[in-house]
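Below is one structure, written out as structure tokens, with a few remarks after it.
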Protein chains: 2
Amino acid sequence: MTDHTDGGRCDTDAHSTQLLQHAGLKATGSRIAILEVFLGSSKPISIDTLEQTIRTDAHLATLYRTVERLLAAGILMRVNLGDETPYYELRDEEHHHHHVVCTDCGRIEDIELCHDDSLEKEALHASKFFHRLDTHALEFFGTCTSCVPHLHHIKN
Amino acid sequence: MTDHTDGGRCDTDAHSTQLLQHAGLKATGSRIAILEVFLGSSKPISIDTLEQTIRTDAHLATLYRTVERLLAAGILMRVNLGDETPYYELRDEEHHHHHVVCTDCGRIEDIELCHDDSLEKEALHASKFFHRLDTHALEFFGTCTSCVPHLHHIKN
DNA sequence: ATCATAATTGCGAAAAATTCGCAATTAGAT
DNA sequence: ATCTAATTGCGAATTTTTCGCAATTATGAT
């Protein structure tokens, strides 16, 4: 992916640091490690997975606090996947995307739709609610192709 | 108990019962009371609000269990409003709608967009993920008109 | 480099949210 | 009226999230 980093070895580290400092947040070890997890995965991540995935060991309280900071800083965004668990992922204006969720096996994938702008425009027209519309979330739910064979006996 | 109240006085009760029996669920007092709450509100409801709103007193465990059943039965659906709290609302195929959320004051409103079908079609085209697409969720986030005056000093 | 300081972390405990097992109750069918 | 399986209440157990505070650390100034 891009850029003239000299070695190009672990630029997620550099990237994390940059993101943090840009947001006026201290670039601490935990934070960098946390951001690395998000930079390394294209899928939404729960606090739980974050804890299991992070390379350092950060206290759970730190994970909660940090994620909250990163949300407030606009670096992360919260994602809903149809279950009770809150998920988070990097907020990427340029690659705005949505999610498809298999309600059978829980598999998730990203999806990019073209008409996002028109969606927001439509929303603005359809209601007088907003002074300013910041963003939107869109998820599709259904049964994925890999799950078809399983559906013989299951009714639910 | 039930009679053909032709007066149409409290038909939420009748409606609840009907919904339940249709789904093969026993029409118990708690369930009816719970459904009445949902029938009486157009907005998504959290377990917490449900507990405060319900006219009878049902044990919290019952609220959790019942909501889960109603979800499984397709009577309720889960709604995400941008915070950590799970919300629920009646699943109404005919009046499929979405939500606009003010991230400043938390106000919520329903919104109906016309192009829902084409949205799902687009999603189906954009990815090979689905065998069957059941539903989708769409929420818009921003600052509502009532909140504009407050925004003088607040930057975040 | 060293220092000052304000932010961040770890820690365990507290609080809140959710689930569980089981006995008592109840809706719906016979 | 009775039977039966589903549902409820209850308190306890579990899980998730928050909190206070002392120890640590990143950052900017010296």
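When reading the values below, keep in mind they use all heavy atoms of this one structure, side chains included, and skip hydrogens, waters and symmetry mates. Here is the naming used below: chain letters follow the sequence lines, and residue numbers restart at 1 for every chain.
- Residue A/Lys26 contributes atom NZ, which lies 10 Å from atom P of D/dG28 at whole-angstrom precision.
- B/Ile47 places its CD1 atom 17 Å from the P atom of D/dT16, with the value rounded to the nearest Å.
- Judged by distance alone, the side chain of B/Thr53 and the main-chain N or O of B/Thr49 form a donor-acceptor pair under 3.5 Å.
- Distance A/Leu20 CG to D/dT27 C1': 13 Å, rounded to the nearest Å.
- Of the N and O atoms on the side chains of B/His99 and B/Glu109, not one donor lies less than 3.5 Å from an acceptor on the other residue.
- Partner of B/Asp92 under the side chain to side chain contact (heavy atoms under 4.5 Å, CB included) criterion, out of B/Glu89, B/His96, B/Glu94: B/Glu94 alone.
- Rounded to a whole Å, the CG atom of A/Leu50 is 12 Å from the P atom of D/dT17.
- Rounded to whole angstrom, the span from the OH atom of B/Tyr64 across to the C1' atom of D/dT14 amounts to 13 Å.
- Atom CD of A/Glu84 has more than 12 neighbouring heavy atoms from other residues, nucleotides or ligands inside a 6.0 Å radius.
- Judged purely by atom type and a 3.5 angstrom limit, A/Thr66 has no side-chain atom pairing as donor or acceptor with the backbone of A/Leu63.
- Listed here is the closest heavy atom pair of A/Leu20 and A/Ala27: CD1-CA, 3.8 Å.
- Nearer to the 5' terminus of DNA chain C, by closest-nucleotide assignment, is the contact made by A/His59 (compared with the other of A/His59 and B/His59).
- In this structure, CD of A/Glu68 is placed 14 Å from C1' of D/dT16, rounded to the nearest angstrom.
- Residue B/Ala61 is in base contact, counting any heavy-atom pair closer than 4.0 Å across all strands shown.
- Counting to the nearest Å, the P atom of D/dA13 and the CG atom of B/Leu60 are 18 Å from each other.
- B/Arg65 comes within 4.0 angstrom of a base, heavy atoms only.
- When DNA chain C is scanned 5' to 3' for any atom under 4.0 Å from a heavy atom of chain B, the first and last hits are C/dA17 to C/dG28.
- The side chain of A/Gln21 places an N or O atom within less than 4.0 Å of a non-bridging phosphate oxygen (OP1 or OP2) of D/dT27.
- A/Leu63 has its CG atom 16 Å from the C1' atom of D/dT15, to the nearest Å.
- In the model, B/Asp110 has no side-chain atom that pairs as donor or acceptor with a side-chain atom of B/His98 under 3.5 Å.
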